[in-house]
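The next block holds one structure in the form of structure tokens; read it before the comments.
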Amino acid sequence: MSSLDKNIQIKNTLTGDKEVFKPISKNRVGMYVCGPTVYGEPHLGHARSAITFDVVFRYFTYLGYRVRYVRNITDVGHLEDELSGEGEDKIAKKARLEQLEPMEVAQRYTNLYRDMMSKLNVLPPSIEPTASGHILEQIEVIESIISNGLAYECKGSVYLDVTAYVEKYHYGELSGRVLEELMTGSRSLEGQSDKKHPADFALWKKAEPSHIMQWSSPWGKGFPGWHIECTAMSSKYLGVPFDIHGGGMDLKFPHHEAEIAQSYAAFDCAPVNYWMHNNMMTLDGQKMAKSKGNFISLSQMFDGDHPLLKKAHSPMTVRFLMLQAHYGSPIDFSNRALESAETACNKLLKGLTFINDLQPDDSNQFDKEISNQIIEKCNSCFKRMNDDFNTAETIAVLFDLLSLAHKISQASTIISSEALIGLKKTYKEFLSDVLGISSESSDSSDTLPDIIDVLLDVRKEARDKKDFELSDYIRDRLNVLGVKINDSKEKSTYSFQ
Ligand code: ZN
């Protein structure tokens with residue numbers, strides 16, 4: 001790793017400044033990102049957060065850091081009214097409506113989320129803990145906060161005592177909200193009368209006997225508040241403080257603000273050194289929302305099954321469109337933007353073969369200027385990524401490298417072997433390994449039946465010509481791969497074993 005590689009700057013959303021990244025442990029990164037609440041179809045918002053931090057994960061790994069990336073699954077405790085922390089649990093509600101066990105709902109949408117992330121070439125995190133699997137850890141953190149005098153129990157629920165908290169710590173530093181604003185902003189809802197102060201938030205909620213998700217606790221049967229799971233799981237797997245906490249900017253308040261308060265209240269320490277927030281998306285300039293009818297799930301995007309979409313778009317097109325913007329900027333999804341992303345993505349992918357096929361020339365008479373330009377552009381990829389993971393500018397540099405490659409090929413320009421090796425390595429590694437743009441990860445299972453049909457056609461021709469050696473070879477090889485061929489008089493069909 002050269003010194004250039006390690007000079008990463010991160011826009012810390014807590015301070016608003018771009019800061020040089022200094023890991024807590026040398027060559028290691030601990031990163032926590034708030035994952036999905038698994039009660040519905042994964043959508044573009046999920047994809048943007050996952051892709052943003054996938055690239056951060058990939059780039060640190062590429063530079064040789066050992067990254068422990070924790071992304072949780074919220075399967076309990078996320079209530080409908082996020083601001084007040086009141087209302088029905090999102091997963092329990094879905095379970096009630098669909099007459100399913102809540103864990104069935106959570107499992108179904110967890111599977112779907114993982115499936116969609118894999119289509120988008122998002123790498124699985126190192127640890128993917130669930131809130132329901134960490135109830136004891138959450139109770140422990142709440143007990144520490146109570147023993148530090150910063151939370152109180154009332155009728156089986158436990159609240160963080162914001163009034164006591166602000167005597168010792170600052171509350172609202174991430175979202176820039178002040179306590180008065182929080183007080184007037186808190187709506188008066190049923191159950192809030194239990195709180196000492198309207199801005200107090202629940203760490204643990206008492207469950208009514210009819211509530212289907214509940215656990216025993218020192219305060220009776222109940223369930224954890226939404227925010228406490230991230231404090232419990234991040235501190236368990238990454239310690240306090242850890243390096244990077246990520247999430248969508250819509251989570252700044254109340255969720256991340258609450259995480260900061262819980263960490264100070266439990267451990268007398270900030271949870272993390274760098275906060276990173278990805279921006280949101282619009283569709284044709286409009287904020288995406290279920291109520292507006294312009295809310296597109298990832299399966300609708302990949303199937304083209306939405307009235308606002310002109311056609312289906314591959315996961316790679318969606319990934320590419322997101323990376324064409326810096327994660328801190330908003331993105332507008334439109335049919336036009338998707339189509340031009342598709343064209344640009346394919347152009348860069350085709351460039352992989354083109355650049356790889358460029359042949360070295362041992363002559364010492366190479367073009368110094370163009371060789372230097374190429375080397376400088378290769379270094380630029382690092383510089384652009386080091387600058388707060390600027391994928392948009394990195395993509396622009398890859399396009400520059402591709403046009404330089406075309407230029408030298410057309411003019412038969414000889415470049416130095418250093419430039420040629422650098423060009424091939426940088427182009428391939430930044431496109432595939434760092435940005436995760438690859439043609440292989442587009443969903444190959446869609447084309448599998450077509451490929452088997454082609455093989456069956458070839459086999460039929462072989463059988464017609466009585467070439468049984470070839471036809472048996474195709475049958476046996478497919479059989480080993482789990483594809484069983486069933487021959488009948490009329491035709492051959494297949495089934496997966
Ligand atoms: Zn979280």
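Order of listing sets the numbers, starting from 1, for every ligand and every atom in it. In what follows, every heavy atom counts, from backbone to side chain, and hydrogens, waters and symmetry copies are set aside.
- Taking 4.5 Å as the limit, every side-chain heavy atom of Thr110 sits out of range of all side-chain heavy atoms of Tyr113.
- The Zn ion (ligand 1) has an N, O or S atom of Cys34 closer than 2.8 Å.
- For His313 and Phe302, the ring centers sit 6.0 Å or farther from each other.
- At least one N/O/S atom of Cys230, from backbone or side chain, sits under 2.8 Å from the Zn ion (ligand 1).
- The Zn ion (ligand 1) lies closest to atom NE2 when only the N/O/S atoms of His255 are considered.
- A centroid separation of less than 6.0 Å is found between the aromatic rings of Phe60 and Phe389.
- Without hydrogens or angle criteria, Arg48 side chain to Met280 main chain gives a donor-acceptor distance under 3.5 Å.
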